[in-house]
Every structure is written in C-alpha cells, then in structure tokens.
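Here the structure is laid out as structure tokens; the discussion comes afterwards.
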Amino acid sequence: MSVRPGTPERTLNDLTLHLTSRSSPVAEHVRVRFAPSPTGHLHIGGARTAIYNWAFARHHGGTFVLRIEDTDPERSTEENTRAILRALEWLGLDYDEGPGVGGEYGPYFQTQRFESYTKALERLKANAAAYPCFCAPTELEARREASRAKGGFAGYDRTCRSIDPDVAAGRVAAGEPHVWRLKVPENRGAITFADAVRGDVTFPADAVDDLVLVRTDGTATYNFAVTIDDATMAITHVIRGDDHLSNTPKQILIYEALGEPIPVFGHLSMILGSDGKRLSKRHGATSVEAYRDHGYLPEAVMNYLALLGWSLDGETTILSRETLAENFSLDRVSSNPAIFDEEKLDWLDGVYIRELSASGFVDRMVPWLEAAGLADAGDVASRREWFEELAPLVAERIKRMDEIAGVVGFLFKDPITITQEAKEKVLMREGAARSLEAAADVLSQLETFDAASVEATLRSLPEPLKLKPKVVFQAVRVAVTGAAVSLPLFESIALLGKARTLPRLHDAHIWATP
RNA sequence: GGCCCGUUCGUCUAGCGGUUAGGACACCGCCCUCUCAAGGCGGAGAUCACGGGUUCGAAUCCCGUACGGGCUACCA
C-alpha cells in the first residue's frame, strides 16, 4: 500500500477503496480534538498535544475541537478551565468548536454530555452488547489478586456475564446495585490498529476484559465517556498521549459494539525532564503559563514544542505557526520520548526576540518594565522614540523577557549603585580616576549628545592619557552603568543624556584610583 | 506477574538496505570588538542499547536480551 497516513493528494478512487479499511485516515473531513482535564494548568506535554492537533487540523483544512473533560468533580475547577483557555490563546491555538465558540457538536464540557452516555448504553443494551454486573468491588479485588498471583491476566473473570438476561433484568429492576460492563464478543480475536505514528499495534484478544462502562452511581467511566464523545463529535483522528495507547483496544471494542466508525489513532510519546524521568514539578516550570511568566515568547514556545517530537526535514529549526500548519504530518512524529531541553528553548526564544522589530519589542517590553517598577505604559508612550532606540540594544542581549530589568535598570535609577566587583576590578585600577575626569570634561563640552558624537569624543581620550582604550572605557562604563558588563557604552551614554551622565562620572570618582 | 510502546552525538533530531551517519542546542577555539551579547569561521562529540540472524551489503528487516515507560480501577 503506497498511500501513507497524512498524504493529502489522493484520488477519489483511493477514498472509496479504503473507506472500510481505516488505512486511509484522511478520507473524510478531518475533525480532531484536544481534550484537557481541568485538574491543573496546561502542562507542557498537553500543550504539545494541542499543537499537534491544531497543526493537523489546519494542515488538512479540518476542524479543531476543544473539549473539556471535567468529569472529575474532586479536582476539576473553573479557574483551571480558564487558565487552560488562556494558555491556548497565548500560544495562538485557535479552535473551531469548543467553549466560548460553540459548534454543532456541543456541549463541549463533558459534564454536560451525560445524556449521550445514557443513550449509548441503551443502544448497547438493545444489542445485548452490555450486561449488568453485580460483583462487589471488594470481591473483584480479591479475585483479581488471586488471578494475578497465578501469574496471568488480571481482568474481570466474567462471572456475571453468564447470568440469564431475564434474571439479571429482574435483579436490576429490584434495585440491586450493579455496573454495566461491555460484553466483548467471544470470537473477537486480536485487536490491531494502524497507529498513525507507530504503525500497526496489536493487542491479543485476551488482553481486554469486559470493562465497566457505567458505574454503580450511573456515571460513565473514562473509556466509555471519551469513546462516546469522540464518536458523537465525529472525531476522525485521535491524537493524544502515549499513556492512552493501552486504552485504545478497549475503546475500539466500544466503537465496534456501537457500530460506529473507528477513528485513526496517533499516540505521542511523553516529554521527560532533564533526568530522563517523567516531567514533573521537580523539574521546575511545567505549565505553559509559567513559561509565559518567565518571559518566553509564545511563538518560541510553540516552535520549540513543535520540534520536540516532530521534524520538518531534520534541518529546519525555526518555523512559524504557518509553516508548521503547512507541513505537519503524523508520519513525521517521532515515537520515542523526548527530554525537555530548557537551554534550547532559551536559544530559540533569543532568536525570536531578536527577530522582533524595535516597535514590537517595545510593546512586549512594557509589562516587564512595569513589573520591575522601572516605567509604565505612560512613560513608554511619551518617550516612544527613546525606547525604540533602546530596544535593539537589549533585544540582542537577552534570551528571556524577564532579563530586561537587569539589563536596563541603570537607565531608570538615580543614583545607581556600583557593584563591589566592578569597583575592585575596574575603578581601583590605575588610571581610572584620570579617565573619569577626562571623560567628564570632554562630555560636558559636547553639544550634540548622540551615540556617534559620544563615541568620537571618548575615543580621543586614551591616547593623550597614555592609557589603553579598555581601561578608559571600562572605567566610564562602571561609573555610568554600575557594572563591568553592560549595554554598549556610547549608546548607553547617549540614551542617558548629558545631564544624568556627568553626575555619575563625578560620583564614581571617589572610588577610583588615580 | 501479564500485555503494549520505546532505545542514533550530553540534548532534540535526519536517516526508511549501499551516506566520510547529516543538522540544531550546549561545549571548545579563532575572528569581530568599548564590556556582554549577537554574528562569522572552525573543532571535538554517535563502536546507531546489546546479542543473534536475513542479505553481496543492516542504524535501517526479523528474533531474543537488557534498560526505560505506559496500561493492567466502579481515576482521568
């Protein structure tokens, strides 16, 4: 078979030919979903799953559905739901159906879909594809342990499956507590499906037991609920985490019992921490919003995550949202787990920061200046040109936006404090005092106080002073910026202005060695 | 225990029977240079987890082993 999953160009003939075989995943209008559980913030791994679903939908001109799996009342909160929505928006992952935007297949909160689970169960009962089970949980547990001790399969032993249907119906009618289990066909055989990222995956027939669909309290179990949701939402491709791979055969059996078309599954490997262990709190930031708060640009996070487990060609490292959507395919998704490399994210973020225009950088800089108490939106608006001159200077030197304050602080504070290290290593060197005096002298006479003039003036200093340029410039730098490492000197001085530069030169003088 | 998935430079990956195993981050060196960056050039770094096959030929196909992970619930 030459037609591979994700290959868009196919003929009508191919379509009809493979409609029944499921080997033609792009046969219908693509509908994918991202189904987070609002039990916490949007996790890095979840974000990547969302990105792949989004990209897959966009690539095929399909529909990207957002469904909130809020059926765990203990841990689900509305605040978490809002945070997830916020994170998706921040990443620029727009969805076509879901909370807030609606759609024909709603509602998009699992807690509002109970009715469809009931209906599905009715259909199953009508087909004799589900049966009530009266076994007590404790009893089940004991039998499971016993069977596992013997070294074999530990699933349900099908005790209640053999109860006469009429008798069972009577017990149910009498109000005896029971769950509803799937009646897995006797002759079903091994379950094989073509995973879009892993290829054929086969589970032996006896690997799946008569799983519980509906609990004693009448609520649907996870596997039942997702399957019904995906079926009723006409999801064609289920792209999700690796941890659901073993759930897939169960879900396939439910689709079959219902007579619903089985979607194409694609299982993504997990993202690991730097120690190769599952990414967790111990590894620091794991939520998307934490990365936002650390000053990462959404396009960088998106780019990094897109490449963590997928590649365009093995060469391309910088790619836009559009390029991703254009080129994304499941067959180029890697099937092995990936370690999250914060250093590479940092580098990528730096790339995106440098790509920003001066104006764009200023816009993004505002919240960080405000957070540091250096300037507010009003200051920026009133001195827009000044900030735009500053922008490229800092953009070239930071990897994350939260580094801004540290780099530009000296431009906003008067007086400044000079670091101890700078005093010792620079100002206490011979010639420092003379350098400051000379610099103050020439700069005070300067009329046009721009970077070029400042540079020309200062460059004339070392020779008559018989000092190395570095000695002179470093002394001035420390006096003006407070540190031995700073933004470019001449530009910094120009930005600071004569009135604020001169006093700094004088103030630093007391520390300086002649 | 059973079942399933995974294993290419430190990291992310390219590779889909024949390549000097390519790229990116990180690292090292040089250049540029007022510091720091950025940028340019170059370097080091992978016995393709291991062991068997198949083949003229295997990182690529098959089998096993080891290690890692997932599932095995009336959690999701």
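The chains referred to below are lettered A, B, ... by the order of the sequence lines, with proteins before strands, and numbering in each begins at 1. Values below: all heavy atoms of this structure, side chains included; hydrogens, waters and symmetry mates excluded.
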Open item on the list: Using heavy-atom distances to pick each residue's nearest nucleotide on RNA chain B, tell me which of Arg477(A) and Ala220(A) is more 5'.
Closed with: Arg477(A)

- [ ] Rounded to the nearest angstrom, tell me the gap between atom CZ in Arg67(A) and atom C1' in A76(B).
- [x] 12 Å

Open item on the list: Starting the side chain at C-beta, find the nucleotide from C36(B), U13(B), C74(B) nearest to Arg181(A).
Closed with: C74(B)

Open item on the list: Both distances below 3.5 Å, Watson-Crick or wobble geometry, any strand: find the nucleotide opposite A14(B).
Closed with: none

Open item on the list: Please confirm whether the shortest side-chain N or O distance from Arg144(A) to OP1 or OP2 of A73(B) is below 4.0 Å.
Closed with: yes

Task: Lys250(A) side-chain proximity, nearest of U72(B), A76(B), G22(B) - done: U72(B)

Open item on the list: When both hydrogen-bonding distances must be under 3.5 Å and the geometry is Watson-Crick or G-U wobble, what is C71(B) paired with, if anything?
Closed with: G2(B)

TODO: Classify the nucleic acid contact of Phe490(A) as base, sugar-phosphate or nothing, counting any heavy atom under 4.0 Å across all strands shown.
DONE: base

Task: Pairwise P distance for C50(B) and G39(B), with rounding to whole Å - done: 36 Å

Open item on the list: Does Ser486(A) contact C36(B) through a side-chain donor or acceptor facing the base, at a distance under 3.5 Å?
Closed with: no

Task: Side chain Arg434(A), main chain Leu465(A), donor-acceptor under 3.5 Å - done: yes

Open item on the list: Rounding to an integer number of Å, can you tell me how far Arg240(A) CZ sits from C71(B) P?
Closed with: 12 Å

Open item on the list: Mind checking if Gly309(A) touches a base, just sugar-phosphate, or nothing, with heavy atoms under 4.0 Å?
Closed with: sugar-phosphate

Task: Any donor-acceptor pair under 3.5 Å from Thr111(A) side chain to Asp70(A) backbone - done: no

TODO: Please work out if Tyr222(A) contacts a base, only the sugar-phosphate, or nothing of the nucleic acid, heavy-atom cut-off 4.0 Å.
DONE: base

Task: Pairwise C1' distance, A24(B) and C9(B) [rounded to whole Å] - done: 12 Å

Task: Residue Val212(A), side-chain atoms from C-beta onward, closest of U35(B), C25(B), C74(B) - done: C74(B)

Open item on the list: If you only use heavy atoms from C-beta on, which nucleotide in U72(B), A76(B), A14(B) is closest to the side chain of Glu69(A)?
Closed with: A76(B)

Task: Candidate nucleotides G69(B), A14(B), C74(B), ranked by approach to the side chain of Ser311(A) - the nearest - done: A14(B)

Open item on the list: Please identify which of these residues, Phe340(A), Tyr291(A), Trp310(A), Tyr296(A), meets the ring-ring contact (aromatic ring centres under 6.0 Å, His included) condition with Tyr304(A).
Closed with: Phe340(A)

Task: Neighbour count >12 (heavy atoms, 6.0 Å) for atom CD, Glu176(A) - done: yes

- [ ] Find the distance Asn303(A):CG to C25(B):P and express it as a whole number of Å.
- [x] 13 Å

TODO: Run the numbers on Glu256(A) and Ile262(A) for side chain to side chain contact (heavy atoms under 4.5 Å, CB included), then give the verdict.
DONE: CA-CA 8 Å; Glu256(A) 288 179 351; Ile262(A) 300 167; 4.0 Å; yes

Open item on the list: Please determine whether the number of non-hydrogen atoms from other residues, nucleotides or ligands lying under 6.0 Å from atom CD of Glu122(A) exceeds 12.
Closed with: yes

TODO: Could you work out the separation of U20(B) and U7(B) based on their C1' atoms and round it to a whole Å?
DONE: 25 Å

Open item on the list: With a 6.0 Å cut-off on the ring centroids, do His237(A) and Tyr52(A) count as close?
Closed with: no

- [ ] Can you figure out which of C34(B), U13(B), C74(B) approaches the side chain of Arg459(A) most closely?
- [x] C34(B)

Task: Listed nucleotide nearest any side-chain atom of Arg332(A), set A76(B), C34(B), G15(B) - done: G15(B)

- [ ] May I ask which nucleotide in the shown strands pairs with A44(B), Watson-Crick or G-U wobble, both distances under 3.5 Å?
- [x] none

Task: Base partner of G51(B), which must satisfy Watson-Crick or wobble distances under 3.5 Å - done: C63(B)

Open item on the list: Between the base of A26(B) and the side chain of Lys344(A), is one N or O donor paired with an acceptor at under 3.5 angstrom?
Closed with: no

- [ ] Quick one: label Asp217(A) by what it contacts on the DNA or RNA (base, sugar-phosphate, nothing), any heavy atom closer than 4.0 Å.
- [x] nothing

Task: Nucleotide of C25(B), C12(B), A37(B) approaching Arg397(A) most closely (side-chain heavy atoms) - done: A37(B)

TODO: Whole angstrom is fine here: how far is it from CD in Glu342(A) over to P in C12(B)?
DONE: 15 Å

- [ ] Assign the ring pair His267(A) / Phe193(A) to parallel, tilted or perpendicular, where the plane angle (0 to 90°) is split at 30° and 60°.
- [x] perpendicular

Open item on the list: Let me spell it out: for each of Phe340(A) and Arg278(A), pick the nucleotide of RNA chain B with the closest heavy atom. Which residue's pick is nearer the 5' end?
Closed with: Phe340(A)

Open item on the list: Can you measure Asp157(A) atom CG to A73(B) atom C1' for me and round it to whole angstrom units?
Closed with: 15 Å

Open item on the list: Let's see if you can work this out: which of C34(B), G22(B), G69(B) has an atom nearest to the side-chain heavy atoms of Gln474(A)?
Closed with: C34(B)

Open item on the list: If we ignore hydrogens and angles and just use 3.5 Å, is the side chain of Arg321(A) paired with the main-chain N or O of Thr323(A) as donor and acceptor?
Closed with: no

- [ ] May I ask you to say what Pro249(A) touches in the nucleic acid, namely base, sugar-phosphate or nothing, with a heavy-atom cut-off under 4.0 Å?
- [x] nothing

TODO: Find the distance Glu145(A):CD to G2(B):P and express it as a whole number of Å.
DONE: 15 Å

Open item on the list: One thing to verify: whether Glu141(A) and Arg144(A) come together as a salt bridge, which I'm taking to mean a side-chain N less than 4.0 angstrom from a carboxylate O.
Closed with: yes

Open item on the list: Taking only the C1' atom of each, what is the distance from A59(B) to C41(B) in whole angstrom?
Closed with: 31 Å

Task: Whole angstrom value for the distance that separates P of G70(B) from CG of Leu268(A) - done: 16 Å

Open item on the list: With rounding to the closest Å, how many angstrom separate the P atoms on G10(B) and C71(B)?
Closed with: 30 Å

TODO: Tell me whether the OP1 or OP2 atom of A38(B) has a side-chain N or O from Lys399(A) closer than 4.0 Å.
DONE: yes

Open item on the list: Work out how far the C1' atom of G23(B) is from that of C31(B), and round it to whole angstrom.
Closed with: 24 Å

TODO: Using a 4.0 Å heavy-atom cut-off across all strands, classify Thr71(A) as base, sugar-phosphate, or nothing.
DONE: sugar-phosphate

- [ ] Sticking with atom P, work out how far C62(B) lies from C67(B), rounded to a whole angstrom.
- [x] 23 Å

Task: Charged N-O contact under 4.0 Å between Asp402(A) and Arg400(A) - done: yes

Task: Pairing nucleotide - G39(B), Watson-Crick or G-U, each distance under 3.5 Å - done: C31(B)

Task: Between C1' of A73(B) and CD of Glu139(A), the distance in whole Å - done: 16 Å

Look for any protein N or O under 3.5 Å of an N or O in nucleotides 3-6 of chain B and output each such pair with its distance, or none.
from, atom 1, to, atom 2, distance (Å)
C5(B), O2', Arg198(A), NH1, 2.2

Open item on the list: Can you check the distance between C36(B) and C28(B), where both ends of the measurement are the P atom (answer in whole Å)?
Closed with: 14 Å

